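Below is one structure, written out as structure tokens; comments come after it.
In this chain, numbering begins with 1 at the start of the sequence shown. These numbers come from a predicted model, not from an experiment. Values below: all heavy atoms of this structure, side chains included; hydrogens, waters and symmetry mates excluded. Counting convention: from 1, in listed order, for ligands and their atoms alike.
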Amino acid sequence: MTILVTGGAGYIGSHTCVELLENGYDVVVADNLCNSKREALERVKRITGQNLCFYETDVRDEAKMDEIFQKHNVECVIHFAGLKAVGESVAKPLAYYDNNLNTTLTLCRVMQKHGVKRFVFSSSATVYSAGNPMPLTESSSTGGCSNPYGWTKYMCEQILRDAAAAASAATASEGWSVLLLRYFNPIGAHESGLIGEDPLGIPNNLLPYIAQTAVGRRDKLPVYGNDYNTPDGTGVRDYLHVVDLAKGHVAAVKRAVQSPCVEAINLGTGEGVSVLQMIEAFKRVSGAAIPYEIKDRRPGDLAVCWAEPSKAVQWLGWRAQKTLDDMCADTWRWQKQNPNGYPL
Ligand code: NAD
Ligand code: UFG
């Protein structure tokens, strides 16, 4: 079975390509490399000993996407391609709405044209409204997003629900399968140390910043606030291993093939970890020093965010397996082997 993976050269996409290839799927990647390098896909091939088909293209290029669907018998789309930096989305909202909405709309149109009915979407815990009690379930309230990035995910979920409803109303044959996967905080790297997260410039996210501090690329980790209403005052998140997350996508493809459905599903561990707990775990596992300093709270940050993960068990037969130590050890291996990320 052939899976189209948009954004497959990126952090989560490359790990998902590995799991798909190892599960016997044929993989076609469409990525414009705006936030990734071709080398990631070379390494996917090295890890798996298998080939994949790569198109360097913008997913908004409808003619090119049409050509890809003509050439390959795509049976399911996993849509990772998108812009994802929360702060940047506040400064450049139009670029975010254009990229994230128009990639999704283009895919829906091309899928409709070619009769492809299975869509696995990279959504995010950021679609949940602030003020929900923890843990977040799929029926916690959504919307009221604090930044344009969050709104793009919220809007894409709605676009996909509406497209699926229209498709099933219009046809007597099988309806669409749409799985809206709401990721919590993916971290870690493949255990080979060959692929991992390679952010451009100063990292926005906690783990790449910790890893770059541990390896000596950054002087000090800023800890954004120690006066939250949490056990040690620092922010608490639900971190999950990117390989677990990648396996969640294989489970989602299998579920999409079984029968039509439209479901939002949390992918998280259900465990909250604070910034200081993460620093301690990384120090213990790596043996490296991680100097840090307490800074003001980062605007828009929540105190706590973690998942109620049981719907994924019920719907996908998936649960996160890897521990916090695995996440730290694998991040560290990737960072040590590739202190400056992928070569150009
Ligand atoms: P990433 O930036 O590493 O990967 C995204 C990939 O999409 C990149 O390779 C980029 O070059 C490509 N891309 C972007 N716009 C494109 C376009 N118009 N056409 C073709 N390719 C395009 O990000 P990631 O961390 O792997 O995230 C993948 C998806 O998961 C994103 O949609 C992101 O919003 C979502 N997500 C990520 C996180 C996280 O913490 N990493 C959390 C929740 C949701
Ligand atoms: N933090 C620091 N220092 C840093 C970076 C982060 O203290 O240098 C803290 C933050 O304040 C927060 C925690 O570490 O308490 C996690 O922050 P991240 O930036 O790593 O992750 P977020 O939870 O803010 O956001 C991430 C993605 C979003 C996604 C969200 C939910 O960046 O795209 O998870 O999935 F929407």
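Residue contacts with ligand 1: Ser36 is placed with a nitrogen or oxygen under 3.5 Å of a nitrogen or oxygen of the ligand (distance criterion only). The N/O atoms of Tyr209, backbone and side chain alike, include none that comes under 3.5 Å of an N/O atom in ligand 2. Polar contact with ligand 1: present for Ile12 (N/O pair, distance under 3.5 Å). Checking only distances, Thr126 never comes within under 3.5 Å of ligand 2, N or O to N or O. Annotation: Gly10 places an N or O atom under 3.5 Å from an N or O atom of ligand 1; distance criterion only. No N or O atom of Leu207 sits closer than 3.5 Å to an N or O atom of ligand 2. Between Val86 and ligand 2, a contact under 3.5 Å exists for no N or O pair.
When non-hydrogen atoms are compared, ligand 2 lies under 4.0 Å from the side chain of Val275 (C-beta onward) but not from its backbone. The part of Lys153 lying near ligand 1 is the side chain, judged by heavy-atom distances below 4.0 Å. With a heavy-atom cut-off of 4.0 Å, Cys305 does not touch ligand 2 at all. Residue Thr103 touches ligand 1 through its side chain alone, judged by heavy-atom distances below 4.0 Å. The residue Tyr292 has no part lying near ligand 2, judged by heavy-atom distances below 4.0 Å. The backbone of Phe184, and not its side chain, has at least one atom closer than 4.0 Å to an atom of ligand 2 (non-hydrogen atoms only; backbone = N, CA, C, O). Using a 4.0 Å cut-off between heavy atoms, Asp301 contacts ligand 2 through its side chain alone, with no backbone atom that close. Using a 4.0 Å cut-off between heavy atoms, Thr6 makes no contact with ligand 1 at all. Looking at Asn99 against ligand 1, only its side chain comes within 4.0 Å, counting heavy atoms.
Residue contact annotation: Tyr228 has no non-hydrogen atom under 4.0 Å from ligand 2. The shortest heavy-atom distance from Ser123 to ligand 1 is under 4.0 Å. Close to ligand 1: Thr57, with a non-hydrogen atom less than 4.0 angstrom away. Residue contact check for ligand 1: Asn185 places no non-hydrogen atom closer than 4.0 Å to it.
Distances below 4.0 Å separate heavy atoms of Leu33 from the following atoms of ligand 1: 11 (O). Ligand-side atoms of ligand 1 in range of Asp31: 6 (C), 7 (O), 8 (C), 9 (O), 10 (C), 11 (O), 12 (C), 20 (C), 21 (N), range being under 4.0 angstrom from any heavy atom. The contact set between ligand 2 and Val223, taken as ligand atoms under 4.0 Å from a residue heavy atom, comprises 7 (O). Proximity to Cys34 (heavy-atom distance under 4.0 Å) selects the following atoms of ligand 1: 10 (C), 11 (O), 13 (N), 14 (C), 15 (N). Within ligand 1, the atoms closer than 4.0 Å to a non-hydrogen atom of Ser122 are 29 (C), 30 (O), 32 (O), 35 (C), numbered from 1 in the order shown. Those atoms of ligand 1 that come under 4.0 Å of a heavy atom in Ser124, given as number and element, are 43 (C), 44 (C).
Looking from atom 16 (C) of ligand 2 to the surrounding protein, the closest heavy atom is Tyr239 OH, 3.4 Å. In terms of protein heavy atoms, atom 29 (C) of ligand 2 is closest to Ser124 OG, 3.6 Å. Of the protein's non-hydrogen atoms, the one nearest atom 2 (O) of ligand 1 is Asn35 ND2, 2.7 Å. Counting protein heavy atoms only, atom 20 (O) of ligand 2 is closest to Leu206 N, 2.9 Å. Distance from atom 19 (N) of ligand 1 to its nearest protein heavy atom, with residue and atom name: Val59 N, 2.9 Å. The nearest protein atom to atom 22 (C) of ligand 1, hydrogens excluded, is given as Asn32 OD1, 3.1 Å; this is a heavy-atom distance. With hydrogens left out, the protein atom closest to atom 17 (O) of ligand 2 is Arg298 NH2, 3.4 Å, a heavy atom. If you check which protein heavy atom lies closest to atom 32 (O) of ligand 2, you get Asn205 ND2, 2.8 Å. The single protein non-hydrogen atom nearest to atom 25 (O) of ligand 2 is Asn185 ND2, 4.0 Å, given as residue, atom name and distance. The protein heavy-atom contact nearest to atom 12 (C) of ligand 2 is Arg237 NH2, 3.7 Å.
A donor-acceptor pair is defined here as one N or O able to donate and one able to accept, closer than 3.5 Å; no such pair exists between the side chain of Asp61 and the backbone of Thr57. Under the 3.5 Å distance criterion, the side-chain polar atoms of Asn205 are left unmatched by any main-chain donor or acceptor of Pro208.
Proximity annotation for atom 35 (C) of ligand 1: of Phe184, Phe80, Tyr11, Tyr149, Tyr149 comes nearest, heavy atoms only. Nearest-heavy-atom check against atom 39 (C) of ligand 1 across Gly7, Ala40, Pro186 picks out Pro186. Heavy-atom proximity to atom 4 (C) of ligand 2, evaluated over Tyr183, Tyr149, Tyr224, Tyr128, is greatest for Tyr224. Nearest-residue assignment for atom 24 (P) of ligand 1 (options Lys84, Glu56, Met65; heavy-atom criterion): Lys84.
If you look at Tyr239 and Trp306, their ring centroids are not closer than 6.0 Å. Remark: aromatic rings of Tyr25 and His249 are distant, center separation not under 6.0 Å. Taking the six-membered ring for Trp and the full ring otherwise, the centers of His15 and Phe80 sit at least 6.0 Å from each other.
Here the side chains of Glu293 and Pro222 are not in contact, with every heavy-atom distance at 4.5 Å or above. At least one side-chain heavy atom of Val223 sits under 4.5 Å from a side-chain heavy atom of Ile279. The closest side-chain heavy-atom distance from Tyr224 to Asp296 is not below 4.5 Å. Counting heavy atoms from C-beta on, the side chains of Cys305 and Val236 never come closer than 4.5 Å. Between Leu181 and Ser123, the closest side-chain pair of non-hydrogen atoms is not below 4.5 Å. Two residues are said to be in side-chain contact when any heavy atoms from C-beta on lie closer than 4.5 Å; Ser122 and Tyr183 meet this criterion. Using a 4.5 Å cut-off on side-chain heavy atoms (C-beta onward), Tyr149 and Glu88 make no contact. Side chains of Glu280 and Gln277 form no contact here, defined as non-hydrogen atoms less than 4.5 Å apart.
One finds the CZ atom of Arg255 at 8.0 Å from the CG atom of Leu316 (value rounded to the nearest 0.5 Å). Expressed to the nearest 0.5 Å, how far CG of Leu267 lies from OG of Ser124 amounts to 11.0 Å. With rounding to the nearest 0.5 Å, the separation of CG in Asp232 from CG in Asn226 is 8.5 Å. Taken from CZ in Phe282 to CG in Leu221, the straight-line distance is 11.0 Å, to the nearest 0.5 Å. One finds the CH2 atom of Trp151 at 11.0 Å from the CD atom of Gln158 (value rounded to the nearest 0.5 Å).
Annotation for Val74 and Val116: closest pair O-CG2, 3.4 Å, computed over non-hydrogen atoms. Shown here for Asp219 and Pro291, the closest heavy-atom pair between the two residues is O-CG, 3.3 Å.
Taking the ring centre of Phe184 as origin, the terminal cationic atom of Arg237 falls outside the region bounded by 6.0 Å and 45° from the ring axis.
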